[in-house]
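Presented below is the structure to which this report refers.
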2 protein chains.
Amino acid sequence: MQLPPVPAPDADARRAAVARYAELAVPAGALGRLAELGCWLAEVQGSCPPRPPARPRVVLVAADHGIAAAGVSAYPPGVTARQVRAARENTAPVAVLAPAAGASLRVVDVGIDHRGETDPAPDERYHVRAGSGRIDRADALTEQETERAVAVGRALADEEVDSGADLLVPAALGVGATTPASVLVAALTGAEPVAVVGRGSGIDDETWMRKAAAVRDALRRARPHIRDPLTLVRVAGGVDVAVLTGLLAQAAVRRTPVLLDGVVVGAAALVADRWAPGARRWWVVAQRSSEPAMELAVAHLDLVPLLDLQVRLGDGSAALAAVALLPMAARLLAETATAADSGIAPAAPAEV
Amino acid sequence: MQLPPVPAPDADARRAAVARYAELAVPAGALGRLAELGCWLAEVQGSCPPRPPARPRVVLVAADHGIAAAGVSAYPPGVTARQVRAARENTAPVAVLAPAAGASLRVVDVGIDHRGETDPAPDERYHVRAGSGRIDRADALTEQETERAVAVGRALADEEVDSGADLLVPAALGVGATTPASVLVAALTGAEPVAVVGRGSGIDDETWMRKAAAVRDALRRARPHIRDPLTLVRVAGGVDVAVLTGLLAQAAVRRTPVLLDGVVVGAAALVADRWAPGARRWWVVAQRSSEPAMELAVAHLDLVPLLDLQVRLGDGSAALAAVALLPMAARLLAETATAADSGIAPAAPAEV
């Protein structure tokens, strides 16, 4: 699959932002992370001062995972479909938070296994496969499904950007999803299984041991493919990770900033930055994660999380808290007085 | 001065919030700090689910400090008045951020020394004294001034609450203000001068040493009064700290939640919780501080900062980032589906 090269963010706009912060009537560095956010907004928007994002958009992709049958989650299969229903009825956390952050939400069923549920038929334009393969024993996807999932992700990015979205928050819903995410992160960072396996949906010690065994077995199948990111996703990922990989890569191609949140998105980000080098420069990580695999992924991408709200959902909820800070960062740079204009400046050293 | 007793927040509302979080369709504890914020809102509002604060209000008090003459700040005296002008013209960071957080701002000159500046005369209802005494050698305030400053602070709280404010963000502006704040924190926590002296407005090593000497000398004058919080403020504080002490105590008496930000507010909070025991239960600390005195004060109050944005302004800017998260916390508790209603629940252990 051919992807256009990822452009670099605008270095001139970044330089202008850094220079403007230095002129503001505040002590050097006193705006902390808000100044960093403002510089990032300037470079990804290509203008200084930056604008508050006008149309932040959460794209929540939902998929089931065959590995859930190995008992790796606190939740039974079937819950994914119910979570999607709650998101569409605005009673899932991410749907509750989106309007409070000035964002809108799109929920896309890319791979729910609807067997046994009386859901309406999924939209075939986006539904790639009903659940992915059990990755401790088999490939997650076929080659064709992988290509299709990545293409769906790219199409989602294009649709959103063409509709005016100027900030994307990719997110994932799916019982068992942190298991393939942990495998991918272990494969791409060289970590051992026990170093990546977290508590996911809130699992107990026995479930944790089953999850660690599943990660170990899947990792053995994955390791031969670490030089080929899309094959890695095919073997040890899932529909959601493949879609998110396509979405993240295409968003970078389309010069669109992204907030990362959750280990499934984090795993897709690692894959996407391999497949589309430089994509990471379009991203900010919303919060520290309690999932060790996400911490590894973030460190590997050389990014620094913005918040530490200890939200363990992965559905984009914590990213929405970060979305709420972006208008602040943009307005600070645009509206704060300069030292020269206001006369608010440090004393010259000789005067003290 | 007689203060009515501080009421306790509503324990029933808190219990109801904790119980409701436990019923939501999310893994136990997965809402992290947003859930803690929601429980706090419920108890301080006395209702569950809580409402998003309807009228968050920043009250920024500005005052000069005699100790600035000792060369403890990066900024020359005279800058306080200019900072106030910028705040009133909406070009100071706190004024830029307030509307982005849905908050409004009141700027009150309680003790600026206007000598040499062509400012309009300050409002005598709130202006207590033109700058406070040089605390390394003399008392900050007289007994009468201290009483008046505390009364001004209490009146400010009453005015705001009576006008409908349901969340207060006290903040301070004033060249040299971190020096008395550091002295008060050292006195009330038993810390040594070098353990409380930070970089304040961004001072160099030489200025830091002058500041440490000033703190040491003022602390020697302050220590005999550590059992009497208002005398401590009179001897080693300043107009701003005294006003903020009154404001914080009266806000608690009026059952009004407060977000704390900045070491001057932190020092006043330590004093206020001594003077008005239990006031701390009405407070949340907005962010970790780079000022060691603030870290000590927060630990002493047994509070845990919400954010770590590395904003070093003390003018309430970082608190406004926290204000933006409160509607999210409130809405999560009100609108998220329960596990029972949505069928999103962990598998029974036997099923796995």
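All of these numbers come straight from a predicted model, not from anything done at the bench. Order of the sequence lines sets the chain letters (A, B, ...), proteins ahead of strands, with each chain counted from 1.
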*Okay, side chain of A:R312, backbone of B:A28: is any donor-acceptor separation there less than 3.5 Å?*
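Side chain of A:R312 to backbone of B:A28, a donor-acceptor pair under 3.5 Å: yes, one is there.
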*Any donor-acceptor pair under 3.5 Å linking the side chain of A:R82 with the backbone of B:S342?*
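Not a single qualifying donor-acceptor pair exists.
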*Scan for salt bridge (charged side-chain N to carboxylate O under 4.0 Å, His left out) pairs involving residues 20-39 of chain A, sequence neighbours excluded, and state none if there are none.*
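Qualifying pairs, neighbours excluded: A:R33-A:E36.
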Top of [options] for chain A proximity - count of heavy-atom pairs under 4.5 angstrom:
| options | value |
| --- | --- |
| B:L307, B:L306, B:V26 | B:V26 |
| B:G29, B:S290, B:G202, B:A25 | B:G29 |
| B:E206, B:E89, B:Q83 | B:Q83 |

_Minimum heavy-atom separation for A:P76 and B:P346, please, with both atom names._
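So the two residues come closest at CD-C, 4.0 Å.
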*Side chain, backbone, both or neither: which part of B:D341 has a non-hydrogen atom closer than 4.5 Å to chain A?*
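No part of it gets close to chain A.
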*Can you tell which part of B:L309 gets under 4.5 Å to a heavy atom of chain A, answering side chain, backbone, both or neither?*
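Looking at B:L309, backbone and side chain both touch chain A.
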*Partner chain B: residue of A:A30, A:P27, A:G200 with the largest heavy-atom pair count (under 4.5 Å)*: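 With the most close heavy-atom pairs to chain B, the winner is A:A30.
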_Partner chain B: residue of A:G314, A:G343, A:A86, A:G102 with the largest heavy-atom pair count (under 4.5 Å)_ =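 The residue among A:G314, A:G343, A:A86, A:G102 with the greatest pair count is A:G343.
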*Answer yes or no: is there a side-chain heavy-atom contact under 4.5 Å between A:T91 and B:T336?*
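Contact flag for A:T91/B:T336 side chains = no.
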*A:D308 and B:D308, any side-chain heavy atoms less than 4.5 Å apart*: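 Contact flag for B:D308/A:D308 side chains = no.
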*Spacing of CD belonging to A:Q310 relative to CG belonging to B:L31, to within rounding of 0.5 Å*: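 If I round to the nearest 0.5 Å, the distance is 12.0 Å.
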*Select one option (side chain, backbone, both, neither) describing which atoms of A:A345 are under 4.5 Å from chain B's heavy atoms.*
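When you check distances to chain B, only backbone atoms of A:A345 fall under 4.5 Å.
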*Please look at A:L332 and chain B and tell me whether the side chain, the backbone, both or neither of the residue comes under 4.5 angstrom of a heavy atom of that chain.*
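For A:L332, backbone and side chain are both near chain B.
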_Please output the residues of residues 322-331 of chain B in contact with chain A, using a heavy-atom cutoff of under 4.5 Å, in numerical order._
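Residues in range: B:A324, B:L325, B:M328, B:R331.
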